[in-house]
Amino acid sequence: MAHDAHESNTKRIWFVFGLLSVVTIVEVGLGMAKPAALYMTNFLGMNLLNWIFIILTLFKAYYIVWAFMHMEGEVKALRRAVVWTVIFLALYLVFILLVEANYVFGVYKDSTIKWNF
C-alpha cells in the first residue's frame with residue numbers, strides 16, 4: 001500500500017511569520033526612532049531611511065509571494081517572469097517617485113504658486 005506522505009508546514013509557517021515580524025519590527029522601530037544618520041543623509045534624491053523602507057517592503061512583498069503563493073515550487077521560467085516583472089515595476093515606480101517629487105518641489109519653490117498646506 002502506497003500512502004502519500006503529508007508533510008506538516010507548521011515549522012515553515014512559523015519561520016515565515018517570525019521573519020516577516022522581525023522585518024516589520026525593524027521598519028516600525030526605524031520609523032519611530034528616525035536616526036539622524038539615516039534621515040539626514042541623501043542618496044539618489046531621497047534620504048537613506050526612505051531607501052531602507054523601500055528595500056524592506058520589497059523584501060517582504062517578495063517573500064510573501066515566494067512563501068504563501070508557492071512560487072518556490074513553480075517552474076523556473078514562471079518564477080523569473082513573475083519576479084522580473086515585479087522588480088521592473090517597482091524600479092519604475094521608484095523612478096517616477098523621485099522624478100515627479102522633485103518636479104513638484106521645483107514648481108512650488110521657483111514659481112508664484114506658494115505652499116498652502
Side-chain angles (χ1 to χ4, degrees):
M1 281 172 70
H3 292 282
D4 292 329
H6 177 71
E7 292 184 28
S8 174
N9 286 330
T10 306
K11 184 177 180 180
R12 185 169 183 272
I13 291 170
W14 280 109
F15 173 76
V16 172
F17 173 74
L19 180 67
L20 295 177
S21 295
V22 167
V23 173
T24 302
I25 290 169
V26 167
E27 284 180 329
V28 170
L30 286 173
M32 291 174 66
K34 279 190 181 177
L38 298 175
Y39 186 67
M40 300 305 254
T41 304
N42 284 335
F43 178 71
L44 295 176
M46 276 194 315
N47 61 44
L48 286 177
L49 189 60
N50 285 348
W51 281 112
I52 290 172
F53 288 147
I54 290 170
I55 291 168
L56 290 177
T57 301
L58 289 174
F59 171 78
K60 286 194 312 183
Y62 176 79
Y63 205 79
I64 287 169
V65 169
W66 185 259
F68 294 120
M69 296 179 74
H70 309 289
M71 287 301 288
E72 74 271 21
E74 294 295 336
V75 180
K76 193 176 200 178
L78 178 64
R79 286 194 315 243
R80 285 184 178 171
V82 170
V83 170
W84 289 354
T85 303
V86 171
I87 289 172
F88 171 75
L89 289 174
L91 291 174
Y92 179 67
L93 289 174
V94 168
F95 171 76
I96 294 293
L97 172 80
L98 292 174
V99 170
E100 293 301 322
N102 192 31
Y103 172 76
V104 170
F105 178 74
V107 166
Y108 279 115
K109 180 181 176 199
D110 299 331
S111 70
T112 59
I113 301 172
K114 299 297 176 196
W115 295 93
N116 60 0
F117 50 89

**Study point:** Val86/Tyr62 under side chain to side chain contact (heavy atoms under 4.5 Å, CB included): CA gap, chis, key distance, verdict
**Key:** CA-CA 9 Å; Val86 171; Tyr62 176 79; over 6 Å; no
Revision key, fill the gap. By ring pair (Phe, Tyr, Trp, His ring centres under 6.0 Å), Tyr63 pairs with (sequence neighbours left out) Phe59
When you group the ILVMFWY residues by side-chain heavy-atom contacts below 4.5 Å and let the links chain together, are [Y] and [X] in the same group?
X	Y	value
Ile52	Phe43	yes
Ile64	Leu56	yes
Trp66	Val83	yes
Val65	Ile87	yes

Point to revise | Asn47: side chain to side chain contact (heavy atoms under 4.5 Å, CB included) partners, not counting sequence neighbours | key: Tyr39, Asn42, Leu49, Asn50
Review point. In chain order, what residues pass the side chain to side chain contact (heavy atoms under 4.5 Å, CB included) check against Val82, with sequence neighbours excluded?
Key: Met71, Leu78
Exercise for review: Could you pull out the closest heavy-atom pair between Leu58 and Ala90, with the gap in Å?
Suggested key: CD2-CB, 3.7 Å
Point to revise | Side-chain hydrophobic cluster, 4.5 Å single linkage: members besides Phe88 | key: Leu89
Point to revise | Results of side chain to side chain donor-acceptor pair (under 3.5 Å) for Arg80 - residues two or more places apart only | key: none
Validation: residues 13-29 side-chain donor-acceptor distances under 3.5 Å, sequence neighbours left out:
| residue | atom | partner | partner atom | Å |
| --- | --- | --- | --- | --- |
| Ser21 | OG | Phe17 | O | 2.7 |
| Thr24 | OG1 | Leu20 | O | 2.8 |
| Thr24 | OG1 | Lys60 | NZ | 3.1 |
| Glu27 | OE1 | Lys60 | NZ | 2.8 |
| Glu27 | OE2 | Thr57 | N | 3.4 |
| Glu27 | OE2 | Thr57 | OG1 | 3.2 |

